[in-house]
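Convention: sequence-line order gives letters A, B, ...; per-chain numbering from 1.
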Number of protein chains: 2
Amino acid sequence: MITLTGGKLKLVEAALRLCTKSRSLTSLSLREVAREAGLNPNTFYRHFRNLDDFGLVVLGHLAGEMKQAVRELRQSAQTHDQAAHDTVRWVFGYFQENPAATTVAVRELNGPSSVLRRALENQLEASAREMAEDIIERDLVPGLDTATIHEISQMTIRYILFRALEYVEKPEQRERIQGETERFINRQFRGALVESTPLETLASGVPNESR
Amino acid sequence: MITLTGGKLKLVEAALRLCTKSRSLTSLSLREVAREAGLNPNTFYRHFRNLDDFGLVVLGHLAGEMKQAVRELRQSAQTHDQAAHDTVRWVFGYFQENPAATTVAVRELNGPSSVLRRALENQLEASAREMAEDIIERDLVPGLDTATIHEISQMTIRYILFRALEYVEKPEQRERIQGETERFINRQFRGALVESTPLETLASGVPNESR
DNA sequence: TTGAAAAGTATACACACGTCTACTTAAAGC
DNA sequence: GCTTTAAGTAGACGTGTGTATACTTTTCAA
């Protein structure tokens with residue numbers, strides 16, 4: 001991660017500030033950002049070639065921050081249930097403390113700039129891979145093949161991000177969102193373990209005897 | 001649903017056309033839309049008070065279309081697995097045939113305009129409710145309480161929409177996305193049925209192969 | 001048939017934008 | 001200390017924008 005300084009940093013931070021106030025990174029104007037940063041519009045050109053370039057730098061800045069944060073997470077509990085609970089709690093806590101980063105990420109993931117979208121997708125995939133490897137290494141979900149763990153990890157990352165905006169914006173619903181997300185994860189893994197068991201068998205209360 | 005005619009319809013359709021080409025509804029300009037529609041910019045004011053008003057009408061238009069489409073879906077197979085498969089296939093087919101509507105919906109769901117976001121959320125919730133009631137009425141997932149069915153329905157609707165853009169934009173990955181979505185749904189419902197069973201018990205049940 | 005309402009157009013204004021060129025100030029290397 | 005380079009500023013350009021006023025055409029019911 002390249003640490004930003006001076007005017008460059010000022011501009012990036014200004015953009016994040018603007019994004020938090022219900023704007024989308026892609027829709028920011030050069031002059032708007034410069035104004036917010038307290039700089040002359042032309043200073044922008046001293047640091048960035050154009051707005052797409054700028055967007056990538058902003059995303060890179062966020063990615064660096066987030067990666068470091070995720071690395072710190074690499075401890076926590078033993079069982080899967082505990083891990084899911086702690087991780088979800090932790091991730092949402094991170095969202096809460098970094099509303100700008102969260103908002104930007106969610107918006108641009110589906111935003112109109114394909115360059116930014118690609119960049120974000122790659123980051124998410126990397127996070128998902130990290131999560132999956134962690135689960136495998138620590139054998140948190142025994143009996144599940146690695147491919148499925150990877151798939152579910154990716155879905156989970158996506159789902160969490162998808163709910164991040166709601167979480168940030170609606171403080172009174174945070175408990176609910178957190179609970180739903182935990183249940184989501186648990187159901188995914190549990191469901192995968194009994195994927196080939198007929199629904200009726202599961203419904204009749206005998207979870208592991210099948211056929 | 002109010003059927004649009006004449007210039008009003010032309011403007012809405014123009015906006016959807018523009019949105020498909022990597023634009024976001026919120027970022028459209030009045031003149032841009034009018035130009036695309038082949039009308040004078042001021043004609044816009046004959047039909048809409050401002051751009052927010054316009055956005056709501058566009059969303060309403062889409063909602064009407066979609067609702068009718070969903071109603072047509074209200075038949076399909078008996079078992080849950082079959083229903084999930086058919087429904088997913090059908091919904092994604094709808095996305096494919098209506099890329100503009102899909103793109104707009106996904107973008108604005110996380111977009112910067114809170115007015116549009118609210119409107120979309122309400123629509124999604126309505127769809128989720130409809131889906132849940134359908135599952136309950138036809139007893140597709142026996143042994144699951146209605147609250148959980150509602151919760152999973154909502155998650156499913158969200159998840160599907162979240163993947164819609166990817167589906168529309170990457171034709172070569174459609175099979176994969178569809179498969180993942182089906183597995184997602186199955187795991188959710190199956191997982192919910194064995195929610196209180198310890199992971200180890202499920203893992204030792206051996207309905208599928210492990211390691 | 002006529003006349004009012006709706007739909008569409010023409011022109012114009014002030015403003016914000018991205019970008020260009022030219023100038024000034026601050027940092028850094030020798 | 002001097003010079004080269006980076007960072008920041010000033011002013012100006014053409015263009016696109018939202019919107020206001022005034023005008024023309026179309027629609028359609030009395």
Go through the structure and list residues passing ring-ring contact (aromatic ring centres under 6.0 Å, His included) with A/F95, not counting sequence neighbours.
A/F92
Nucleotide N/O of nucleotides 24-27 of chain D paired with protein N/O under 3.5 Å:
none

Just to verify, what does B/E182 make a side chain to side chain contact (heavy atoms under 4.5 Å, CB included) with, not counting sequence neighbours?
B/H85, B/V88, B/Q178
Using side chain to side chain contact (heavy atoms under 4.5 Å, CB included) as the criterion, list what pairs up with A/A14, not counting sequence neighbours.
A/R17, A/V33, A/E36, A/A37
Measure from the side-chain heavy atoms of B/L39 and tell me the nearest of C/dG8, C/dG18, D/dT9.
C/dG8
Going by ring-ring contact (aromatic ring centres under 6.0 Å, His included), name the pairs with one or both residues in residues 117-141 of chain A, residues two or more places apart or in two chains.
none
Do any side-chain nitrogens or oxygens of B/Y45 fall under 4.0 Å of OP1 or OP2 in D/dT19?
yes
Run the side chain to side chain donor-acceptor pair (under 3.5 Å) test against A/D53 and tell me which residues pass, sequence neighbours left out.
none
Output all residues satisfying salt bridge (charged side-chain N to carboxylate O under 4.0 Å, His left out) with A/E121, sequence neighbours left out; order by chain, then residue number.
B/K170
Strand contacts (DNA chain C) in residues 29-37 of chain A, 4.0 angstrom heavy-atom criterion:
A/S29, A/L30, A/R31, A/R35
Output all residues satisfying ring-ring contact (aromatic ring centres under 6.0 Å, His included) with A/F44, sequence neighbours left out; order by chain, then residue number.
A/F48, A/F54
Considering residues at least two apart in sequence or located in another chain, which fulfil the side chain to side chain contact (heavy atoms under 4.5 Å, CB included) criterion with A/S27?
A/R23, A/S24
Only counting residues at least two apart or in another chain, list the ones meeting side chain to side chain contact (heavy atoms under 4.5 Å, CB included) with A/R176.
A/R163, A/E166, A/Q173, A/E180
Kindly give the atom pairs (protein nitrogen or oxygen, nucleotide nitrogen or oxygen) under 3.5 Å for nucleotides 3-7 of chain C.
none

